[in-house]
Amino acid sequence: MITFKRLDHLHICVPPEKLEDARAFYSEIIGIELIERPDHLFSSAGYWFNIGNVQLHIGVEPALPRSIRHTAFEVEDVDAARQLLQKNNIEIIEEPVIPGRRRFAFIDPFGNRMELLQLI
């Protein structure tokens with residue numbers, strides 16, 4: 001049996017020509033903290049961010065078809081998050097209702113599905 005302690009990081013990919021757009025989207029629109037990435041350890045470009053006590057790693061690969069794979073983040077105010085994304089013309093996807101949660105998903109400008117939820 002494996003005893004898990006916490007999520008350390010998640011990694012998403014964007015097309016190589018969209019990497020700078022991804023940095024701007026996640027740092028300037030979404031508002032998460034860009035942190036130092038040990039670039040000398042990797043053969044491809046990317047960025048790292050802090051999201052609470054988890055890191056988001058962005059790498060590059062050719063664009064892929066849309067998937068239901070996603071990462072979910074708990075947020076303080078899911079309505080405010082939805083308004084911010086809608087204001088920036090980000091595609092919102094309604095999710096089935098789960099008791100005790102208010103949630104929705106969005107597709108970032110690079111095809112990655114993300115879920116935001118608020119426990120109620």
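Everything numeric in this text was worked out from a predicted model, so none of it was measured.
Between V75 and L117 the shortest side-chain heavy-atom distance does not fall below 4.5 Å. A heavy-atom distance below 4.5 Å is found between the side chains of I51 and F73. By the 4.5 Å heavy-atom criterion applied to side chains, V54 and D8 are not counted as neighbours. Side-chain contact between L116 and L85 is present, with at least one heavy-atom pair separated by less than 4.5 Å. Between P96 and R103 the shortest side-chain heavy-atom distance falls below 4.5 Å. For the pair L34 and W48, the minimum side-chain heavy-atom distance is 4.5 Å or more. No side-chain heavy atom of N88 sits under 4.5 Å from any side-chain heavy atom of F25. A heavy-atom distance below 4.5 Å is not found between the side chains of N50 and L56.
Among all heavy-atom pairs drawn from A105 and E95, the shortest one is CB-OE2, 3.0 Å. Of all non-hydrogen atoms in A45 and L19, the two that sit nearest each other are CB-CD2, 3.4 Å. Nearest heavy atoms, V60 versus S44: CG2-CB, 4.1 Å. Counting all heavy atoms, side chain and backbone alike, I92 lies closest to F104 at CD1-CE1, 3.7 Å. Nearest heavy-atom pair, A22 versus V14, reported as atom, atom and distance to 0.1 Å: CB-CG1, 3.9 Å. Shortest non-hydrogen contact noted between N53 and R6 is O-NH1, 2.5 Å.
To the nearest 0.5 Å, the span separating CD1 on I29 from CG on L84 amounts to 7.5 Å. Here the CZ atom belonging to F106 is positioned 10.5 Å from the CD atom belonging to E115, to the nearest 0.5 angstrom.
Of the charged side-chain nitrogens involved, at least one lies within less than 4.0 Å of a carboxylate oxygen, so that D79 and R102 count as a salt-bridged pair. Using a 4.0 Å cut-off between a side-chain N of Lys or Arg and a carboxylate O of Asp or Glu, R23 and D21 do not qualify as a salt bridge.
Screening R113, R82, R66 for a salt bridge (charged side-chain N to carboxylate O under 4.0 Å, His left out) involving E91 leaves a single residue, R66.
Using a distance-only test at 3.5 Å, with no hydrogens or angles considered, a donor-acceptor pair links the side chain of D108 to the main chain of F110. When atom types are taken as modelled, the side chain of Q118 and the backbone of V78 share a donor-acceptor pair closer than 3.5 angstrom. Judged purely by atom type and a 3.5 angstrom limit, N112 uses its side chain to pair as donor or acceptor with the backbone of C13.
More than 12 heavy atoms of other residues, nucleotides or ligands sit less than 6.0 Å from atom CD of E17. Sparse packing is recorded around CD1 of I68, with 12 or fewer heavy atoms of other residues, nucleotides or ligands lying under 6.0 Å away.
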- Check the pair I93, I107 against side chain to side chain contact (heavy atoms under 4.5 Å, CB included), reporting the backbone distance first and the verdict last. CA-CA 8 Å; I93 299 170; I107 304 298; 3.6 Å; yes
- Message: Does Y26 form a side chain to side chain donor-acceptor pair (under 3.5 Å) with E33? I'd like the steps, not just the answer.
- Response: CA-CA 8 Å; Y26 280 99; E33 175 192 11; over 6 Å; no
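By the rule that hydrophobic residues join a cluster once side-chain heavy atoms approach within less than 4.5 Å of another member, I35 and L41 end up as members of one cluster.
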